[in-house]
Amino acid sequence: TFTSVDTASVPLTLQPAVALVKTASVDLGADAAASVGDLITYHFAVTNTGNVTLGNINLADPLLSVSGGPLASLAPGDTDATTFTAVYPITQANVDAAGVTNQATVSATPAAGPAITDASDESDVTGNDPTVTPLSPSSGIALVKTMASIDDSNANGVTDAGDRLNYAFAVTNTGNGTL
């Protein structure tokens, strides 16, 4: 048997929820190695995972200056992946650490109730793991030895036994990491 339910008398539970996925792409330049000044571009996808429309959607990131927003509204189930972006220049500290780890936060306001927030995840709307952008440091060192001078200990004008040979050494870091 089928029982009819009057939906007008069933209270609707409002569940505002928001999720943020933050991903990164790295432009290593022509040398294809992580270098100071190369750029990481961050992409942000905000999803309304609740059942009410959200408004005044903003992003905060302790490492980045985020462009775009605030997003005026986002309907339940919708995702906006175009409003917010950020670009970050790689530093020597990032290269030495072999990467950049960072997390952003989204805030939104439902029509009724307090504002809500979510910490970003790098791949999933249900997680809260920071975005990790690996950078591959390459180690390298070069040594060039040259003769700088001769001390003619017996002052005969000829290099012979007992004279001192003085060398100069030039050490160069040929990698992208601090040695």
Side-chain angles (χ1 to χ4, degrees), residues 18-47 49 57-71 79-108 116-179:
V18 65
L20 178 61
V21 174
K22 176 183 174 183
T23 57
S25 59
V26 182
D27 181 358
L28 297 177
D31 64 358
S35 303
V36 173
D38 286 346
L39 299 177
I40 301 172
T41 301
Y42 289 98
H43 310 278
F44 302 90
V46 179
T47 301
T49 57
I57 301 161
N58 283 294
L59 294 186
D61 194 304
L63 182 67
L64 309 171
S65 177
V66 178
S67 298
L71 184 59
T79 298
D80 178 284
T82 60
T83 298
F84 301 100
T85 60
V87 176
Y88 176 77
I90 295 171
T91 66
Q92 187 62 54
N94 302 141
V95 174
D96 293 345
V100 178
T101 300
N102 176 253
Q103 192 168 36
T105 304
V106 61
S107 63
I116 57 173
T117 62
D118 182 60
S120 66
D121 188 83
E122 63 183 341
S123 63
D124 192 299
V125 295
T126 62
N128 288 318
D129 295 326
T131 301
V132 177
T133 309
L135 302 173
S136 298
S138 63
S139 298
I141 191 166
L143 176 65
V144 176
K145 175 183 171 184
T146 56
M147 188 161 63
S149 64
I150 300 172
D151 290 336
D152 187 2
S153 62
N154 60 9
N156 66 0
V158 177
T159 303
D160 51 14
D163 289 347
R164 180 181 302 244
L165 304 176
N166 298 305
Y167 293 93
F169 299 90
V171 180
T172 304
N173 179 347
T174 59
N176 64 355
T178 301
L179 298 175

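FYI, side chains are in, hydrogens and waters are out, and symmetry mates aren't considered; it's all heavy atoms of this structure.
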Report yes if some heavy atom in the side chain of [X] is under 4.5 Å from a heavy atom in the side chain of [Y]; otherwise report no.
| X | Y | result |
| --- | --- | --- |
| Tyr42 | Thr131 | yes |
| Thr133 | Val26 | yes |
| Ile141 | Val171 | yes |
| Asp80 | Phe44 | no |

Specify the closest pair of heavy atoms between [X] and [Y], including all atoms of both residues, with the distance to one decimal.
| X | Y | result |
| --- | --- | --- |
| Gly157 | Asp152 | N-OD2, 2.5 Å |
| Leu71 | Phe84 | N-CZ, 4.0 Å |
| Ala34 | Leu135 | CB-CB, 3.9 Å |
| Gln103 | Pro130 | NE2-N, 3.8 Å |

If we count only N and O atoms by modelled type, under 3.5 Å, do the side chains of [X] and [Y] hold a donor and an acceptor together?
| X | Y | value |
| --- | --- | --- |
| Tyr88 | Asn94 | yes |
| Ser149 | Asn166 | yes |
| Asp151 | Ser153 | no |

Quick one: [atom1] on [X] to [atom2] on [Y], what's the gap to the nearest 0.5 Å?
| X | Y | atom1 | atom2 | answer |
| --- | --- | --- | --- | --- |
| Thr49 | Leu20 | OG1 | CG | 11.0 Å |
| Thr83 | Ile57 | OG1 | CD1 | 8.5 Å |
| Ser35 | Ile90 | OG | CD1 | 7.5 Å |
| Asp124 | Thr47 | CG | OG1 | 10.0 Å |
| Thr105 | Asp61 | OG1 | CG | 8.0 Å |
| Thr159 | Leu165 | OG1 | CG | 7.0 Å |

Would Lys145 and Tyr167 count as a cation-pi pair here, with the cationic atom under 6.0 angstrom from the ring centre and within 45° of the axis? yes

Kindly indicate, with the supporting measurements, whether the criterion side chain to side chain contact (heavy atoms under 4.5 Å, CB included) is fulfilled by Asp38 and Val36. CA-CA 6 Å; Asp38 286 346; Val36 173; over 6 Å; no

Say whether, by atom type as modelled, one donor and one acceptor occur between the side chain of [X] and the main chain of [Y] under 3.5 angstrom.
| X | Y | result |
| --- | --- | --- |
| Asn128 | Asp121 | no |
| Asn58 | Ser107 | no |
| Thr23 | Val21 | no |

One pair to check against side chain to side chain contact (heavy atoms under 4.5 Å, CB included): Val132 and Glu122. What are the steps and the verdict? CA-CA 8 Å; Val132 177; Glu122 63 183 341; 4.1 Å; yes

